[in-house]
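Quick note on labels: first sequence line is chain A, next is B, and so on, each numbered from 1.
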Protein chains: 2
Amino acid sequence: MAAVDLTTHPGHLARRLQQAHYLLWNTMVSEEITSPQFAVLNALVAEPGLDQRTVGERVGLDRSTIAEVVSRLSRRGLLDKVRDPQDGRRFLLRLTDDGLRTHRKLTVRTARMNQVFLAPLSSEEQILFFDLIRRVADTAEGLRNPAEPLVAQP
Amino acid sequence: MAAVDLTTHPGHLARRLQQAHYLLWNTMVSEEITSPQFAVLNALVAEPGLDQRTVGERVGLDRSTIAEVVSRLSRRGLLDKVRDPQDGRRFLLRLTDDGLRTHRKLTVRTARMNQVFLAPLSSEEQILFFDLIRRVADTAEGLRNPAEPLVAQP
DNA sequence: CCGAATTAGTCAGGGCACTGAGTATTTAAG
DNA sequence: CTTAAATACTCAGTGCCCTGACTAATTCGG
């Protein structure tokens, strides 16, 4: 005996929340395009021609994962990937017309889905929901790089 | 133009939250045992001898995923898996001494990690955080099985 | 009692997410 | 100018997560 109540464990809650979202996305938005893929499309609508790493940074995907997601989107013909002539290490990404169309279509459905997903909360609670999660996620993210070490330069 | 603000998309937030948690878990709790694995150990501390499907139900893992997680835990010698003599379809799961020890050790570390993770929120906000996420996740979960169809029997 | 549904679990396949190691290119230091 | 460090990306490996198709065992209806 000494079992713990998982409903007070944020990690467990976060996982269940994501699963619930996955489910709803699949039925209400798309079975082809996933939520992370949509995030990438969206980043490229906002800033066409970004390089792969920066897109990953914008949407919160590490170098390996963004590579996989981009390769799937490119395979489906939703984006183009070309070497940066200025810097041969980079790949510059740009949506195709099809990618743009897909993003437009999914944007509408995503908005509908978000409404359904958040329906159990009042408007004020929804604001709070965003705020609390964002603060926790941002803070934990910040622990990654210990920022400026207290002593500046060596 | 028509890009969307992902910081108001619960799915995106949920994903970032889980990533942040994963990161912290990895550094503060264990690099061997994952959070879902701990959840399974915990379920078996509470109810030894559960069958695989029920454990999955308790911790929110579908039949395929629970099978993988259980197989890893069993490979590491943290649990035993035996056929139910009463019902030849089931596997009954039970922690080994090692599994019990591991659970005890991780319980302490997990509590510490949760404190750090939730540190940006006040006590009241933490309660709210749990409540809001739980309500959203539960409601979306509920949409899965449309409950009783309005008309009872055919 | 027997065939039909139901149930527990497996397997193949696709996608997300991380780490650590390796390659190529660019930039910085000497 | 040339070597060393940094940067963008790839690849292999592990683990979580889902669906759909399949097998084996049990239960239920007639």
Out of C/dC11, D/dC17, C/dT10, minimum distance to the side chain of B/Pro36 belongs to D/dC17
Quick note, A/Arg75 side chain, CB onward, closest among D/dC17, C/dA17, C/dG15 is C/dG15
If the cut-off is 4.0 Å, is A/Gln86 near the phosphate of C/dT26, judged by side-chain N/O to OP1 or OP2? no
Taking atom types as modelled, is there a side-chain donor on B/Glu32 or B/Ser30 under 3.5 Å from an acceptor on the other? no
Under-3.5 Å donor-acceptor pair between B/Arg83 side chain and C/dG9 base: no
Nearest of C/dT19, C/dG9, D/dT10 to any side-chain atom of B/Arg53? C/dG9
Phosphate OP1/OP2 of D/dG15: any B/Arg76 side-chain N/O under 4.0 Å: yes
OP1 or OP2 of D/dT10 sitting under 4.0 Å from any side-chain N/O of A/Lys81? yes
In whole angstrom, what separates B/Arg16's CZ from C/dC18's P? 11 Å
Between C/dT10, C/dA8, C/dC11, which one does the side chain of B/Arg89 approach most closely? C/dA8
Starting the side chain at C-beta, find the nucleotide from C/dG9, C/dA17, D/dT10 nearest to A/Gln18. C/dA17
Anything under 30° is parallel, anything over 60° is perpendicular, the rest tilted; go ahead and classify A/His21 against A/Phe117. perpendicular
Determine whether a donor-acceptor pair (N or O, by modelled atom type, separation under 3.5 Å) exists between the side chain of A/Thr96 and the backbone of A/Leu78. yes
Between NE2 of A/His21 and P of D/dC17 the distance, given in whole Å, is 16 Å
For atom CG of B/Asp51 and atom C1' of D/dA25, their distance in whole Å: 14 Å
Rounded distance (Å) that lies between atom P of D/dT10 and atom CZ of A/Arg90: 14 Å
Considering heavy-atom distances to DNA chain D, does A/Thr54 or B/Val69 have its closest nucleotide positioned more toward the 5' end? A/Thr54
Test your reading of the model: is there a side-chain donor-acceptor pair from B/Arg58 to the backbone of B/Leu50, 3.5 Å cut-off? no
Touch check for B/Thr65, heavy atoms < 4.0 angstrom, all strands: base, sugar-phosphate only, or nothing? base
Would you kindly check whether a donor in the side chain of B/Ser64 faces an acceptor in the base of D/dT19, or vice versa, at under 3.5 angstrom? yes
Selection from C/dG15, C/dT19, D/dC9 that lies nearest to any side-chain heavy atom of A/Asp62: C/dT19
Classify the side chain of B/Arg15 versus the base of C/dG15 as yes if they form a donor-acceptor pair under 3.5 Å and no if they do not. no
For the side chain of A/Gln18 and the backbone of B/Gln18, is there at least one donor-acceptor N/O pair under 3.5 Å apart? no
Length of the CZ-P vector between A/Phe38 and C/dG15, whole Å: 19 Å
Please give, in whole Å, the distance from C/dG15 P to A/Glu68 CD? 10 Å
Quick one: B/Glu31 CD to C/dG20 P, roughly how many Å, whole number? 7 Å
Under 4.0 angstrom between A/Gln19 side-chain N/O and D/dC18 OP1 or OP2: yes
What integer distance in Å separates A/Tyr22:OH from C/dG15:P? 10 Å
With respect to the phosphate group of D/dA8, does any side-chain polar atom (N or O) of A/Gln52 fall under 4.0 Å of OP1 or OP2? no
Under 4.0 Å, counting only non-hydrogen atoms across every strand here, what does B/Arg63 touch: a base, just sugar-phosphate, or nothing? base
Could you tell me whether the side chain of B/Thr139 reaches within less than 4.5 Å of the side chain of B/Val136, counting heavy atoms only? no
